[in-house]
Structure formats: C-alpha cells, structure tokens
Amino acid sequence: MRYQLLSKSEFKRALNRKNVRIIDLRDPEDYSRWHIKGAENRSYDHIHEWVSELDHQTPILLYCMHGNESILAARYLGSHGYEVASLIGGVGRR
C-alpha cells in the first residue's frame with residue numbers, strides 16, 4: 001500500500017476521522033512540551049520494534065519535527081500494507 005503526504009489543512013481534517021492512530025515521532029522532550037491530543041510518542045529509530053503493535057485496519061497519521069522522519073516511517077509502513085499519511089514539513093518547535 002502507498003502512503004500519502006498531507007498539507008497542514010489536510011492533516012487537520014484527517015485528525016477528525018474516527019478510528020485513526022496518531023504517532024508523534026519527535027523526541028520525548030518535545031512531545032512532553034506539546035503534542036496533538038491522542039498522539040502516542042514513538043521513535044523512528046525503533047520502528048521495527050513497535051510496527052507489530054499496529055493494526056492494518058486502522059489508518060495511521062504520522063508527524064515529526066520537520067517532516068523527514070515521518071516521511072521515512074510512512075514509506076516503511078506503507079510498504080508493509082498500512083494505510084498511512086505523513087504531515088508535510090512537520091510541526092516545528094512549539
């Protein structure tokens with residue numbers, strides 16, 4: 001399955017979908033300062049460890065600081081059959 005790249009407005013609309021898993025790939029320090037409500041904090045470096053916890057039936061929304069890691073994670077998850085989307089450009093510092 002392929003992945004999608006979403007603009008900020010598209011990502012915001014996707015957040016309103018029911019039954020979506022939101023994953024924040026930033027470091028724990030940035031996550032603790034601010035994160036999207038309902039997002040879980042995961043490390044891209046350990047994606048091979050937590051990918052088995054994901055459900056192929058649940059769409060996944062990814063974001064990170066600048067968009068780089070979330071695109072890499074989206075490519076990986078998409079190639080493994082997940083419905084996944086990444087926020088273009090990331091969320092930056094808050």
Side-chain angles (χ1 to χ4, degrees):
M1 181 166 284
R2 301 181 61 198
Y3 63 93
Q4 293 182 302
L5 299 178
L6 302 179
S7 68
K8 289 187 191 244
S9 60
E10 291 170 325
F11 195 83
K12 285 180 184 179
R13 281 194 299 276
L15 288 172
N16 292 323
R17 291 174 58 187
K18 293 184 181 188
N19 194 32
V20 65
R21 192 158 185 176
I22 308 161
I23 299 178
D24 181 328
L25 296 168
R26 298 174 305 149
D27 65 52
E29 203 173 296
D30 288 324
Y31 176 85
S32 69
R33 277 189 233 126
W34 174 89
H35 59 271
I36 293 172
K37 183 179 179 180
E40 56 192 89
N41 189 222
R42 301 292 181 145
S43 168
Y44 172 72
D45 293 336
H46 300 286
I47 194 169
H48 301 289
E49 296 170 15
W50 54 263
V51 68
S52 63
E53 299 171 17
L54 303 176
D55 177 5
H56 279 88
Q57 304 304 313
T58 304
I60 302 163
L61 297 176
L62 302 170
Y63 68 94
C64 63
M65 185 67 72
H66 301 292
N68 301 326
E69 286 187 344
S70 62
I71 289 173
L72 294 173
R75 285 181 187 157
Y76 177 81
L77 296 175
S79 72
H80 286 81
Y82 293 93
E83 181 184 341
V84 61
S86 171
L87 174 61
I88 297 170
V91 295
R93 294 222 177 256
R94 298 233 179 239

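In this text, all values refer to a predicted model and were calculated from it rather than measured experimentally. Position 1 is the first residue of the sequence, and the numbers go up from there.
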Checklist entry - Quick check: does any side chain N or O of Asp24 sit under 3.5 Å from a backbone N or O of Asn41, one acting as donor and the other as acceptor? => result no
Checklist entry - Roughly how far, to the nearest 0.5 Å, is the CD1 atom of Ile88 from the CD atom of Gln4? => result 10.0 Å
Next on the checklist: Holding to salt bridge (Lys or Arg N to Asp or Glu O under 4.0 Å), I want the full list of residues that pass it with Glu10, two or more places apart in sequence or in another chain.
Outcome noted: none
Next on the checklist: As a quick check of understanding, evaluate side chain to side chain contact (heavy atoms under 4.5 Å, CB included) for Glu53 and Arg42, giving each step before the final call.
Outcome noted: CA-CA 12 Å; Glu53 299 171 17; Arg42 301 292 181 145; 2.8 Å; yes
Next on the checklist: Among Arg17, Arg2, Arg21, which residue satisfies the salt bridge (Lys or Arg N to Asp or Glu O under 4.0 Å) criterion with Glu83?
Outcome noted: Arg17
Checklist entry - Does His80 offer a backbone N or O that forms a donor-acceptor pair with the side chain of His56 under 3.5 Å? => result yes
Item to check | Minimum-distance pair of heavy atoms, taken over all atoms of Thr58 and Asn19 | outcome: CG2-O, 3.5 Å
Checklist entry - Looking at CG of Leu54 and CG of Leu77, how far apart are the two atoms once the value is rounded to the nearest 0.5 Å? => result 6.0 Å
Item to check | Pairwise distance CG(Leu25) to CD1(Ile71) - rounded to 0.5 angstrom | outcome: 11.5 Å
Item to check | Euclidean distance, Tyr63 OH relative to His35 NE2, rounded to 0.5 Å | outcome: 6.5 Å
Item to check | Spatial distance of atom OG (Ser70) from atom OH (Tyr3) [nearest 0.5 Å] | outcome: 10.0 Å
Next on the checklist: Could you check whether any side-chain N or O of Tyr31 sits under 3.5 Å from a backbone N or O of Ala39, counting only pairs where one atom can act as donor and the other as acceptor?
Outcome noted: yes
Checklist entry - With distance as the sole test, does Tyr44 use its side chain to make a donor-acceptor pair with the main-chain N or O of Asn68 at under 3.5 Å? => result no
Checklist outcome for this item: Nearest heavy-atom contact between Lys8 and Gly90 is NZ-O, 3.3 Å
Next on the checklist: Taking CD in Glu29 as the centre, count heavy atoms belonging to other residues, nucleotides or ligands within less than 6.0 Å. Is the count above 12?
Outcome noted: no
Checklist entry - What distance do Leu61 atom CG and Ile36 atom CD1 have between them, rounded to the nearest 0.5 Å? => result 8.0 Å
Item to check | Trace of the side chain to side chain contact (heavy atoms under 4.5 Å, CB included) decision for Val51 with Tyr82 | outcome: CA-CA 10 Å; Val51 68; Tyr82 293 93; 3.8 Å; yes
